2 protein chains.
Amino acid sequence: MTATPVRSTYRHGDLRQALLDAGLDLARDGGPDAVVLREATRRVGVSPNAAYRHFADRGALLDAVSAVAQGLAADRIEIEWAKVPADTDEATIARGHLRAVGTGYIGFAREQPGLFRAAFSVPHDLRHAFSPDKAGAAGRTPFQLVALCLDELAAAGVVTPERRRNGEFLAWSTVHGLAMLVIDGPLRGLTPEMIDDAETRLLDMVDRGL
Amino acid sequence: MTATPVRSTYRHGDLRQALLDAGLDLARDGGPDAVVLREATRRVGVSPNAAYRHFADRGALLDAVSAVAQGLAADRIEIEWAKVPADTDEATIARGHLRAVGTGYIGFAREQPGLFRAAFSVPHDLRHAFSPDKAGAAGRTPFQLVALCLDELAAAGVVTPERRRNGEFLAWSTVHGLAMLVIDGPLRGLTPEMIDDAETRLLDMVDRGL
DNA sequence: CGCAGTTGTTCACAGTGTAAACATTTTTGT
DNA sequence: ACAAAAATGTTTACACTGTGAACAACTGCG
């Protein structure tokens, strides 16, 4: 059932990308732990150690998968971002964008829990949060999107400069927490309606209390 | 260098507990992934398969470790809880308790990241959130403590019954998110001062916006 | 005392990551 | 053009993991 179980050429052509794709498939159902080197090479139709020509070790492959997954999260957020009507006042737009980030983030977590965990449970430093390989199709990383709408809120005077400072951490923590508890923690098993409700109220709380 | 590499009796005496303790040690530095069956048996000085007389599989051991870790989290929260002055009005006490839960929860995460992840990253259902084996020395689970202070807030009239409903999820998500991002996510590497600041502002936000 | 149940051990196997040596193909320098 | 060098894939090998099955030693009960 595999597309091309054997290949004619000795060289693969684009093994790195193929392994990355396989890794993403593994992460999609199974999360970061499911990204196992040998299985990826198996799916690509190559010997296990071929992977080491393109990734230093399993961790490097997982890092690459994580970066792509963060880009996919960014894409999901951009979808919500684009829905925000632009024909209103600055403040309303900014608040809409903040809400869009939250909705998109949690939406991605709920729709793609495996990729979400691969994206945000693999330890990375904040210093790399802006690196282009973590960006979505629009060229912006999830963290950049959070920062951006906070800038908008500050520019519109919705939040004071004092409150805007490091506000990323607050906004991010809030939605990240709900996402994690729902897909991977004790809040799993809640009905979609209950999650929707929690999500709405959570975003209300951020909107009011940031 | 091991305390008792061999034992005189064929029977161990309390192998289950010994394995659990070893599992906790492993989780303490290394988190849930570090809880490996063979290493636990090795530390206890017993053959690998002896573990199967007391735990169905590795997952069962991890579950047990997770439950104990949740109890330790509860203990940590109780410490903050007990600090709240009782000689004030009901509302102030209730709000203090909510804050104590947040402080204790994040404190536990920062002080014992491995145990924290073992406690709250191992999937469990909310239906078991009250089971006594997850309780601390005071007999209350972390989730019970959240629920309790929300009840207090409602009784004191700080939050309306409408807002109290399912408020656990909001409060929990918020602190859980910060904890996870700080110990395991992109917010690692923040200075303790920045984390302190984020924590304070996060709890302020919950206090204002719940 | 004998025997059944409990608990620990041994042997075995499949799966994982990864190092080292080897093979093949492509690139590059003269 | 052609040999040397670099890049890429394979094979072999090892240590480690979880876990099933058969076996061994101890315990308590009739």
Side-chain angles (χ1 to χ4, degrees), chain A residues 2-27 29-66 114 117-118 121-123, chain B residues 2-27 29-66 114 117-118 121-123:
Chain A
T2 46
T4 318
V6 288
R7 61 188 188 285
S8 48
T9 56
Y10 183 77
R11 298 298 175 85
H12 179 283
D14 197 3
L15 183 52
R16 191 196 144 85
Q17 186 60 46
L19 287 172
L20 223 178
D21 290 342
L24 277 166
D25 282 347
L26 290 171
D29 40 82
D33 290 353
V35 178
V36 21
L37 236 175
R38 291 179 95 109
E39 176 61 22
T41 60
R42 209 172 292 133
R43 295 190 176 197
V44 173
V46 94
S47 78
N49 289 37
Y52 289 89
R53 298 293 175 201
H54 303 274
F55 299 97
D57 54 13
R58 189 201 99 106
L61 172 60
L62 183 53
D63 281 353
V65 168
S66 174
R117 288 168 47 210
S121 300
V122 176
Chain B
T2 46
T4 319
V6 288
R7 62 189 187 285
S8 50
T9 56
Y10 183 78
R11 299 300 175 86
H12 178 283
D14 198 3
L15 183 52
R16 190 197 145 85
Q17 186 60 46
L19 288 172
L20 222 178
D21 290 343
L24 277 166
D25 283 347
L26 291 170
D29 39 81
D33 289 354
V35 178
V36 24
L37 234 174
R38 290 180 97 109
E39 176 62 22
T41 60
R42 209 174 292 134
R43 294 190 175 197
V44 171
V46 95
S47 78
N49 290 39
Y52 289 89
R53 298 290 175 200
H54 304 275
F55 299 97
D57 53 14
R58 188 200 101 107
L61 172 59
L62 183 53
D63 280 353
V65 168
S66 174
R117 287 168 48 211
S121 298
V122 176

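Within every chain, numbering begins at 1; the chains are lettered A, B, ... in the order of the sequence lines, protein sequences first and strands thereafter. Because the structure is predicted, anything quoted here is derived from the model rather than measured.
Residue A:Leu19 contributes atom CG, which lies 12 Å from atom P of C:dG17 at whole-angstrom precision. A:Leu26 places its CG atom 10 Å from the P atom of C:dT16, with the value rounded to the nearest Å. Atoms CZ (A:Arg43) and P (C:dG15) sit 15 Å apart, rounded to a whole Å.
Residue contacts for A:Arg16: at a heavy-atom cut-off of 4.0 Å it reaches no nucleic acid atom on any strand shown.
Nucleotides of DNA chain D that come within less than 4.0 Å of any heavy atom of chain A span, from the 5' end to the 3' end, D:dA7 to D:dT11.
The residue among B:Val36 and B:Thr9 whose nearest nucleotide of DNA chain D is located toward the 5' end is B:Val36.
Using a 4.5 Å cut-off on side-chain heavy atoms (C-beta onward), B:Leu37 and B:Tyr52 make contact. Using a 4.5 Å heavy-atom cutoff, the side chains of A:Glu39 and A:Leu26 are in contact.
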Name the pairs: protein N/O against N/O of nucleotides 18-21 of chain C, kept only if under 3.5 Å.
{"unit_1": "C:dT18", "atom_1": "OP2", "unit_2": "A:Tyr52", "atom_2": "OH", "d": "3.2"}
{"unit_1": "C:dT18", "atom_1": "OP2", "unit_2": "A:Arg58", "atom_2": "N", "d": "2.8"}
{"unit_1": "C:dT18", "atom_1": "O5'", "unit_2": "A:Tyr52", "atom_2": "OH", "d": "3.1"}
{"unit_1": "C:dT18", "atom_1": "O4", "unit_2": "A:Arg38", "atom_2": "NH1", "d": "2.9"}
{"unit_1": "C:dT18", "atom_1": "O4", "unit_2": "A:Asn49", "atom_2": "OD1", "d": "3.4"}
{"unit_1": "C:dA19", "atom_1": "N7", "unit_2": "A:Asn49", "atom_2": "ND2", "d": "3.2"}
{"unit_1": "C:dA19", "atom_1": "N6", "unit_2": "A:Asn49", "atom_2": "OD1", "d": "3.4"}
{"unit_1": "C:dA19", "atom_1": "N6", "unit_2": "A:Asn49", "atom_2": "ND2", "d": "2.3"}
{"unit_1": "C:dA20", "atom_1": "N6", "unit_2": "A:Asn49", "atom_2": "ND2", "d": "3.0"}

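Closest approach of A:Val65 and A:Ala118 over heavy atoms only: CG1-CB, 4.4 Å. When all heavy atoms of B:Pro48 and B:Arg38 are compared, the closest pair comes out as CG-NH2, 4.0 Å. Nearest approach of A:His54 to A:Arg16, heavy atoms of both residues: O-NH1, 3.5 Å.
With values rounded to the nearest 0.5 angstrom, A:Leu24 atom CG is found 11.0 Å from A:Leu19 atom CG. Expressed to the nearest 0.5 Å, how far CZ of B:Arg42 lies from OG of B:Ser47 amounts to 12.0 Å.
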### Task
Go through the steps to decide whether B:Arg43 and B:Asp25 satisfy the test side-chain contact (heavy atoms from CB on, under 4.5 Å), and finish with yes or no.
CA-CA 10 Å; B:Arg43 294 190 175 197; B:Asp25 283 347; 3.9 Å; yes

